[in-house]
Amino acid sequence: MERALPEFEVGDMKGRTWKKTDLAGKTVFVNVWATWCGPCREELPHLEKLYQSLKGREDVLLVTLNLDDNIGAIEPFLQENKFSFPVLLAQEMVERFLGAYSIPRNWVVDGKGVLRYEMVGFNMTGGDEWIRDMTSQVELVRGGSQ
């Protein structure tokens, strides 16, 4: 996986506008999901734990790209599940970038905005192992991009 993220400008659930330049210089863990996706719903509690473990770091960022058509379904879902990770409303951007796709999908992007790792799907039996594996991938990409 060596594909540059496209230029983008998307809003998040808190009204902030995000651009590709906001990610520059950081290793970024990106999760692509939707509220209607069963495997995504299984993965998201583990993603929240990963977010909590990474959120204090200056060199690493975790963001999610939501693909819901019904934007009104997202905030209640986040509140009900006590998820606090950043949620960018990125359906059009992801569709332009990937064309056809399946979710959940996780990327690790280096400080230059290039995808260095991709995982599609979620093994619903290995939550703690998933967190360790994703943390390892972040560290591998971070170490390789300095």
Side-chain angles (χ1 to χ4, degrees), residues 1-68 71 74-75 77-79 81-146:
M1 196 81 230
E2 287 198 18
R3 185 173 176 198
L5 279 181
E7 295 298 323
F8 64 86
E9 186 171 322
V10 297
D12 70 11
M13 293 302 298
K14 296 183 177 173
R16 175 180 170 186
T17 299
W18 291 72
K19 299 177 183 173
K20 183 178 177 180
T21 54
D22 293 325
L23 312 180
K26 296 179 188 265
T27 302
V28 185
F29 186 91
V30 181
N31 174 270
V32 185
W33 69 284
T35 59
W36 46 261
C37 165
C40 299
R41 294 170 77 101
E42 293 290 328
E43 181 180 63
L44 290 173
H46 307 291
L47 183 74
E48 177 66 24
K49 288 179 185 175
L50 180 62
Y51 172 67
Q52 292 301 325
S53 74
L54 297 174
K55 74 177 184 178
R57 294 181 55 175
E58 295 290 324
D59 59 337
V60 176
L61 180 64
L62 183 149
V63 298
T64 69
L65 305 178
N66 181 275
L67 305 181
D68 275 88
I71 302 302
I74 302 168
E75 189 61 39
F77 176 81
L78 295 172
Q79 289 178 0
N81 291 285
K82 298 179 175 57
F83 295 144
S84 61
F85 44 74
V87 177
L88 286 59
L89 305 173
Q91 182 182 32
E92 287 181 24
M93 185 270 275
V94 170
E95 288 175 355
R96 274 195 320 272
F97 184 56
L98 294 177
Y101 57 84
S102 57
I103 54 174
R105 182 177 296 258
N106 294 291
W107 297 327
V108 180
V109 178
D110 71 15
K112 295 177 182 153
V114 177
L115 271 71
R116 298 294 178 183
Y117 172 81
E118 178 178 53
M119 183 181 83
V120 179
F122 177 65
N123 174 353
M124 296 185 203
T125 61
D128 289 339
E129 183 178 330
W130 181 89
I131 293 167
R132 282 192 302 276
D133 290 349
M134 295 304 101
T135 301
S136 293
Q137 289 300 325
V138 165
E139 294 305 332
L140 280 171
V141 170
R142 187 184 68 77
S145 65
Q146 292 185 342

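What's counted below: heavy atoms across the whole structure, side chains too, no hydrogens, waters or symmetry copies. Everything numeric in this text was worked out from a predicted model, so none of it was measured.
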(request) Could you tell me which non-hydrogen atom of N66 sits nearest to which non-hydrogen atom of T35, and how far apart they are? (result) ND2-N, 4.3 Å
(message) I want to check something: taking the side chain as every heavy atom from C-beta on, are W36 and I103 in contact at a cut-off of under 4.5 Å?
(response) yes
(request) Please lay out, stage by stage, how L65 and F97 fare under the test side chain to side chain contact (heavy atoms under 4.5 Å, CB included). (result) CA-CA 12 Å; L65 305 178; F97 184 56; over 6 Å; no
(message) Strictly distance-based, threshold 3.5 Å: is any side-chain N or O of T64 a donor or acceptor partner for the main-chain N or O of P86?
(response) yes
(message) Could you tell me if the side chain of L89 sits less than 4.5 Å from the side chain of I74, heavy atoms only?
(response) yes
(message) Is any side-chain heavy atom of F29 closer than 4.5 Å to one of V141?
(response) no
(message) Suppose we screen for side chain to side chain donor-acceptor pair (under 3.5 Å). Which residues come up paired with Q79, at least two apart in sequence or across chains?
(response) E75
(message) Does any part of the side chain of D59, heavy atoms only, come nearer than 4.5 Å to the side chain of T27, both counted from C-beta?
(response) no
(message) Using 0.5 Å steps for rounding, measure from the CE atom of M13 to the CG atom of L88.
(response) 10.5 Å
(message) Determine whether D110 and K112 satisfy the following criterion, salt bridge (Lys or Arg N to Asp or Glu O under 4.0 Å), listing intermediate values before the conclusion.
(response) CA-CA 5 Å; D110 71 15; K112 295 177 182 153; over 6 Å; no
(message) I need the L54 CG to K49 NZ distance, nearest 0.5 Å.
(response) 14.0 Å
(request) Just grab all the disulfide bond (SG atoms under 2.5 Å apart) pairs involving residues 4-37, residues at least two apart or on different chains. (result) C37-C40
(request) Name all pairs fulfilling the salt bridge (Lys or Arg N to Asp or Glu O under 4.0 Å) condition that reach into residues 82-102, sequence neighbours left out, sorted by first residue then second. (result) none
What pairs of donor and acceptor atoms, side-chain ones from residues 16-25 against any protein atom, are under 3.5 angstrom apart with sequence neighbours left out?
unit_1, atom_1, unit_2, atom_2, d
W18, NE1, D12, OD2, 2.8
K20, NZ, L5, O, 2.6
D22, OD2, K19, N, 2.8

(request) Check whether any side-chain heavy atom of F77 sits under 4.5 Å from a side-chain heavy atom of R41, and report yes or no. (result) yes
(request) Mind checking ring pair (Phe, Tyr, Trp, His ring centres under 6.0 Å) for F85 and listing every partner two or more places apart, or none if nothing turns up? (result) F83
(message) My understanding is that only residues two or more places apart in sequence, or in another chain, count here; which of them pass side chain to side chain donor-acceptor pair (under 3.5 Å) with R105?
(response) E118
(message) So which atom in L67 and which in Q91 form the shortest heavy-atom distance, rounded to 0.1 Å?
(response) O-NE2, 3.4 Å
(request) Indicate yes or no: at least one non-hydrogen side-chain atom of L62 is less than 4.5 angstrom from one of V138. (result) no
(message) Checking the side chain of R116 only, and the main-chain atoms of L140 only, is there a donor and an acceptor separated by less than 3.5 Å?
(response) no
(message) With a 4.5 Å cut-off on side-chain heavy atoms, are L115 and V30 touching?
(response) no
(message) Which heavy atom of F122 sits nearest to which heavy atom of P104, and what is that distance?
(response) CB-CG, 4.0 Å
Validation: residues 127-136 side-chain donor-acceptor distances under 3.5 Å, sequence neighbours left out:
unit_1, atom_1, unit_2, atom_2, d
W130, NE1, E43, OE2, 3.4
T135, OG1, I131, O, 2.8
S136, OG, R132, O, 3.0

(request) Mind checking side-chain contact (heavy atoms from CB on, under 4.5 Å) for S84 and listing every partner two or more places apart, or none if nothing turns up? (result) E48, Y51, Q52
